[in-house]
2 protein chains.
Amino acid sequence: MERETVIKKRDAVATRAAILAAAHQRFLRESYDSVGLRDIAGAAGVDVALISRYFGGKEGLFREVVSHEDKPKVFREPKSVAELPGYLARLVIDDADEDREQRMEMFIIMLRSASSPKASEIIRDLVHLDVLGPLTELIGGEQAELRANMLLAILMGVGVVRTIMMVDDFAGSDADVAECTERFRCLFAAALTC
Amino acid sequence: MERETVIKKRDAVATRAAILAAAHQRFLRESYDSVGLRDIAGAAGVDVALISRYFGGKEGLFREVVSHEDKPKVFREPKSVAELPGYLARLVIDDADEDREQRMEMFIIMLRSASSPKASEIIRDLVHLDVLGPLTELIGGEQAELRANMLLAILMGVGVVRTIMMVDDFAGSDADVAECTERFRCLFAAALTC
DNA sequence: CGTTCAAGTCAACAGGTGTTGATTTAGTTT
DNA sequence: AAACTAAATCAACACCTGTTGACTTGAACG
């Protein structure tokens, strides 16, 4: 029963996954420059050299962490503009849903490293391709791009204030979760119709 | 006439200011970890050692850049909740006003380095003290803190999307500046009343 | 059983980081 | 003009970074 976890089973894809998981965890909490490869390797229980060997370097590892995540694409779920505000509100507030939690984690990782020169290009491409693109297409109309930018801004802003500024009073003590979700739904709707 | 600019006039406060200005400029464009002291010193035209000497190290320099800026405090200008949305909208859109530009720069600097462990504490303190505090006090009421957080989130989000994600389509080509300002005024108002 | 080849480890590198002490320079004071 | 003091420089320091090549280990295959 413990053979999978304790004993090292010389499996390339397994250690690759272990490195990827450890990297995800670190990049979630610090910026691209802050986290060291030796830290990641230590958390994954492997040697540092393997990272440069498997991913071609730190940059390649980061690219694979943020892009190759085989989780479902972020903005494919909502089918119409009408249900978009509600969907985004639940995405922001409801941390019970594990799937949404993972999608939000992607945003945090991107935010954390967005100011590191080497990581910023990777992130910008990803944002335009996976977020802004589908979002603009879904909204439609002549000012779709502007609307998408505003929604992304709110999304990013909440992420910043919550996880980086360490302020988590949105679904706080007295406020009900449902009430708070409604509040954000209203805010997203305002960004779309203002 | 060129004695002040070209000839080095062995002035401690002048070089201190030069270092501070150069540091401000660098921290505005990269993160705390990315920026090197030798780069700052080179831009200021002084030796690296002077930085650690005058500011007690990189951390001290950063703290002085973000806090000791003798510019007017960010959220003292608006007098009532009613004029808050308009004020914030102008703060975000109107980049002609140099004073507002400087206030927005502070936000960008804080955003850029917010994910670097050493800088994050400094920034969190500053945000709570200089932004969230006055904002909450101005809003008033039982949910003032929540409202302030939402406003800060939008503010930060726009900053992220604009300068880090390199998306600047808010006051873009076809949209008029006045029209866009009104849009953001409406959004901030929604965040306050939702 | 012995060979083979990938998986993993070790050690070292070249470059960059922030920081410190000793030293020199320039401006002011007596 | 000589002495003094603060300002600025130089050189070197440990330390840490990502990366690379040579090496060793392990397991599967003939």
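Order of the sequence lines fixes the chain letters, A, B, ..., with proteins taken first and strands second; residue numbering starts at 1 for each chain. Because the structure is a prediction, the values reported are computed rather than measured.
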Trainee: Residues two or more places apart in sequence or in another chain: which of them pass side-chain contact (heavy atoms from CB on, under 4.5 Å) with A:Glu59?
Mentor: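 Residues passing side-chain contact (heavy atoms from CB on, under 4.5 Å) with A:Glu59: A:Tyr32, A:Lys118, A:Ile122.
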
Trainee: Once you round it to whole Å, what is the distance between P of C:dG27 and CG of B:Asp11?
Mentor: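 Roughly 11 Å, once rounded to whole Å.
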
Trainee: Quickly work out the A:Arg16 CZ to C:dG8 P distance and round it to whole Å.
Mentor: 12 Å

Trainee: Of A:Ala49 and B:Asp47, whose closest DNA chain D nucleotide lies nearer the 5' terminus?
Mentor: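 Whichever sits nearer the 5' end wins; that is B:Asp47.
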
Trainee: A:Tyr54: what forms a ring pair (Phe, Tyr, Trp, His ring centres under 6.0 Å) with it, not counting sequence neighbours?
Mentor: none

Trainee: Tell me every residue that passes side-chain hydrogen bond (donor to acceptor under 3.5 Å, both in side chains) with A:Ser116, counting only those two or more places apart in sequence or in another chain.
Mentor: A:Asp33

Trainee: Would you mind reading off the distance between B:Arg53 atom CZ and D:dT9 atom C1', rounded to a whole angstrom?
Mentor: 10 Å

Trainee: Taking B:Arg185 first and then B:Glu182, would you say they form a salt bridge - that is, a charged N and a carboxylate O separated by under 4.0 Å?
Mentor: yes

Trainee: Report the C-alpha separation of A:Glu121 and B:Met166 in whole Å, then their side-chain angles, then the decisive distance to 0.1 Å, and conclude whether the side-chain contact (heavy atoms from CB on, under 4.5 Å) test is met.
Mentor: CA-CA 10 Å; A:Glu121 316 170 23; B:Met166 296 292 199; over 6 Å; no

Trainee: D:dT19 C1' sits how many Å from A:Ile51 CD1, rounded?
Mentor: 11 Å

Trainee: Please produce a list of atom pairs where a protein N or O lies less than 3.5 Å from an N or O of nucleotides 15-18 of chain D.
Mentor:
unit_1, atom_1, unit_2, atom_2, d
D:dG18, OP1, A:Lys58, NZ, 2.8
D:dG18, OP2, A:Leu37, N, 2.9
D:dG18, N7, A:Arg38, NH1, 2.8
D:dG18, O6, A:Arg38, NH2, 3.0

Trainee: Rounded to whole Å, how long is the line connecting atom CZ of B:Phe62 with atom P of C:dT17?
Mentor: 18 Å

Trainee: If you restrict it to nitrogen or oxygen atoms, what contacts under 3.5 Å exist between nucleotides 1-6 of chain D and the protein, and what is each distance?
Mentor:
none

Trainee: Would you tell me if any nitrogen or oxygen in the side chain of B:Thr15 comes within less than 4.0 Å of OP1 or OP2 on D:dA7?
Mentor: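 Checking D:dA7 against B:Thr15, no side-chain N or O comes under 4.0 Å of OP1 or OP2.
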
Trainee: Under the rule for salt bridge (Lys or Arg N to Asp or Glu O under 4.0 Å), what residues qualify as partners of A:Arg100, not counting sequence neighbours?
Mentor: A:Asp94, A:Asp97

Trainee: Can you tell me the distance, in whole Å, between the CD1 atom of B:Ile19 and the P atom of C:dG18?
Mentor: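 After rounding, the reported distance stands at 14 Å.
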
Trainee: Rounded to the nearest Å, what distance is computed from the CG atom of residue B:Leu50 to the C1' atom of nucleotide C:dT20?
Mentor: 13 Å

Trainee: Rounded to whole Å, how long is the line connecting atom NZ of B:Lys118 with atom P of C:dT17?
Mentor: 14 Å

Trainee: How is A:Phe55 classified with respect to the nucleic acid when contacts are heavy atoms under 4.0 Å: base, sugar-phosphate, or nothing?
Mentor: nothing

Trainee: Could I get the full list of side-chain hydrogen bond (donor to acceptor under 3.5 Å, both in side chains) partners for A:Arg26, not counting sequence neighbours?
Mentor: A:Asp39

Trainee: What residues, two or more places apart in sequence or in another chain, satisfy ring pair (Phe, Tyr, Trp, His ring centres under 6.0 Å) together with B:Phe27?
Mentor: B:Phe62

Trainee: Excluding sequence neighbours, so at least two apart, what forms side-chain hydrogen bond (donor to acceptor under 3.5 Å, both in side chains) with A:Ser31?
Mentor: A:Ser34

